[in-house]
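Notes to accompany the following structure.
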Amino acid sequence: MLAVLVGLGVIVVVALVATNGGGEKDKKSPTESSGSTRSPTPSFSIPSELPSGLPSLPSELPSELPSELPSELPSLPSELPSGLESLFPTLADDEVPFYLLRTGDCFDTNDSRPGQAAKRSCGTPHDAEVVKVTELNGSYTTDAALQKAASALCEAPLERRAAQQPAGTIRGTLVQYPDPGGYEVGIDNVACSLAADIGSGTHKLTKPLT
C-alpha cells in the first residue's frame, strides 16, 4: 500500500503543476502577490500501522508420517554379464587372481587356471614365490605384445634373485600378466615369480626364498 500511495501523490503533483501553468500569464490568484509564484502542494497520508491480518504459518507438522519403508527393494543382478566372466572367474576358497598377489606371496599353480594362484604358507610345500609385482605401461592390443612387455619387466629381477638361491632350488620362472581384455579395463599388474618346477614336474619349494 505504501508504494501505491506514493505513486498516486506523484500523479497529483504533475497534474496540478500542468494545470497551474496554463491560462493567462497576467492573472494572479487573490491570495498571491506579484512578487512570487506558488503551486498548490498536494497532501497525502501514509498508514501508521501494517495490516493486522497477516497469514500465519502452520503450528504443527502432519500427524501421520509413513512408519515403515517399502518392504521390497529392487534386487541387484545375481550374475555378471557374460563378457566380464573371464575377468572375474569363480575362485576356490584359497585362490586369488594373479593381479592381487604381492611380493613374497607363496602359491600353487594350476595349468588349467593360469590366471589364478592358490596361496600357501611359505613354510609348507608350494610351487612358486612372487619376487616382484610391477606394472605395464603403454598401448598393447595383442597377447603377444603383452607377453613380450611383461617378460621384459620380469627378466632382470628374476635373474638376480635366482642367482641367490641354492643350486637345484629353482627350476623355472613364472610371469603372469593380463590378457588384452583385462588390460583394456585397467588390469596392468605383472607378477614375476620363481618356481620350483615347470610343466608337470613335482619338485616343490619348502621355505621362503633367500
Side-chain angles (χ1 to χ4, degrees), residues 69 72-210:
L69 292 174
E72 295 185 4
L73 295 175
S75 59
L76 296 175
S78 59
E79 297 182 1
L80 291 169
S82 58
L84 297 179
E85 289 177 356
S86 62
L87 300 180
F88 305 97
T90 303
L91 303 177
D93 291 341
D94 56 356
E95 284 188 332
V96 296
F98 82 90
Y99 51 82
L100 295 182
L101 290 170
R102 297 293 179 261
T103 299
D105 282 349
C106 296
F107 60 96
D108 283 341
T109 61
N110 187 330
D111 291 342
S112 66
R113 300 166 68 85
Q116 313 309 315
K119 295 180 72 173
R120 298 287 183 260
S121 167
C122 292
T124 61
H126 54 278
D127 292 334
E129 180 178 332
V130 181
V131 170
K132 184 175 183 178
V133 176
T134 184
E135 293 181 356
L136 291 161
N137 289 295
S139 298
Y140 306 103
T141 57
T142 65
D143 186 77
L146 285 163
Q147 181 182 27
K148 182 178 180 180
S151 297
L153 291 172
C154 290
E155 183 177 6
L158 289 180
E159 287 183 354
R160 184 167 54 250
R161 191 67 178 276
Q164 300 171 4
Q165 307 310 309
T169 303
I170 301 301
R171 298 183 183 178
T173 61
L174 181 62
V175 176
Q176 293 167 295
Y177 59 95
D179 63 14
Y183 188 65
E184 185 178 356
V185 298
I187 300 174
D188 55 7
N189 278 13
V190 176
C192 313
S193 305
L194 290 177
D197 221 329
I198 54 175
S200 58
T202 58
H203 181 60
K204 294 278 189 177
L205 297 175
T206 57
K207 60 183 180 181
L209 297 173
T210 58

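With contacts defined as side-chain heavy-atom distances shorter than 4.5 Å, the pair Asn137/Asp188 does not qualify. Considering only heavy atoms from C-beta on, Phe98 stays 4.5 Å or farther from Pro114 through its side chain. Contact annotation: the side chain of Tyr177 never approaches that of Ile187 to less than 4.5 Å [non-hydrogen atoms, C-beta and beyond]. In this structure, the side chains of Leu158 and Val175 come closer than 4.5 Å at one or more pairs of heavy atoms. In this structure, the side chains of Asn189 and Thr134 stay at 4.5 Å or more apart for every pair of heavy atoms. Put simply, the side chain of Val133 does not reach to within 4.5 Å of the side chain of Val190, judged on heavy atoms.
Using modelled atom types and a 3.5 Å distance limit, the side chains of Glu129 and Ser193 yield no donor-acceptor pair.
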Start with the C-alpha distance between Leu136 and Leu146, add both sets of side-chain angles, then the distance that settles side chain to side chain contact (heavy atoms under 4.5 Å, CB included), and finish with yes or no.
CA-CA 8 Å; Leu136 291 161; Leu146 285 163; 3.7 Å; yes
What verdict does the side chain to side chain contact (heavy atoms under 4.5 Å, CB included) test give for Thr124 and Thr206, after you've listed the backbone C-alpha separation in whole Å, the side-chain angles of each residue and the deciding distance to 0.1 Å?
CA-CA 5 Å; Thr124 61; Thr206 57; over 6 Å; no
Would you sort out whether Leu209 and Val131 count as a side chain to side chain contact (heavy atoms under 4.5 Å, CB included), showing the intermediate values?
CA-CA 9 Å; Leu209 297 173; Val131 170; 4.0 Å; yes
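The side-chain hydrogen bond (donor to acceptor under 3.5 Å, both in side chains) check on Ser112 picks up Asn110, with sequence neighbours excluded. A search for side-chain hydrogen bond (donor to acceptor under 3.5 Å, both in side chains) contacts involving Gln164 returns nothing, not counting sequence neighbours.
One finds no salt bridge joining Asp197 and Lys204 here, because no Lys/Arg side-chain nitrogen approaches an Asp/Glu carboxylate oxygen to under 4.0 Å. A salt bridge links Arg113 with Glu95; the closest basic N to acidic carboxylate O contact falls under 4.0 Å.
Listed by first and then second residue, the ring-ring contact (aromatic ring centres under 6.0 Å, His included) pairs involving residues 122-164 are Tyr140-Tyr183 (not counting sequence neighbours).
Note that SG of Cys122 and CZ of Phe107 are 10.0 Å apart. Values are rounded to the nearest 0.5 Å. Separation of atoms NZ (Lys148) and OG1 (Thr142) is listed at 10.0 Å; rounding is to 0.5 Å. If you take CD on Gln165 and CG on Leu205, they are separated by 8.5 Å, rounding to the nearest 0.5 Å. The line from NZ of Lys119 to CZ of Arg102 is 8.5 Å long, rounded to the nearest 0.5 Å. Interatomic distance, SG of Cys192 versus CG of Leu101, reported as 11.0 Å (0.5 Å rounding). Expressed to the nearest 0.5 Å, how far SG of Cys154 lies from CD of Gln176 amounts to 9.5 Å.
In this structure a side-chain-to-backbone donor-acceptor pair under 3.5 Å is present from Asp127 to Thr109. Formation of a donor-acceptor pair under 3.5 Å by the Ser151 side chain with backbone atoms of Gln147 is found in this model. Checking side-chain atoms of Arg161 against main-chain N and O of Glu159 turns up no donor-acceptor pair under 3.5 Å.
Of all non-hydrogen atoms in Ala195 and Ile170, the two that sit nearest each other are O-CG2, 3.6 Å.
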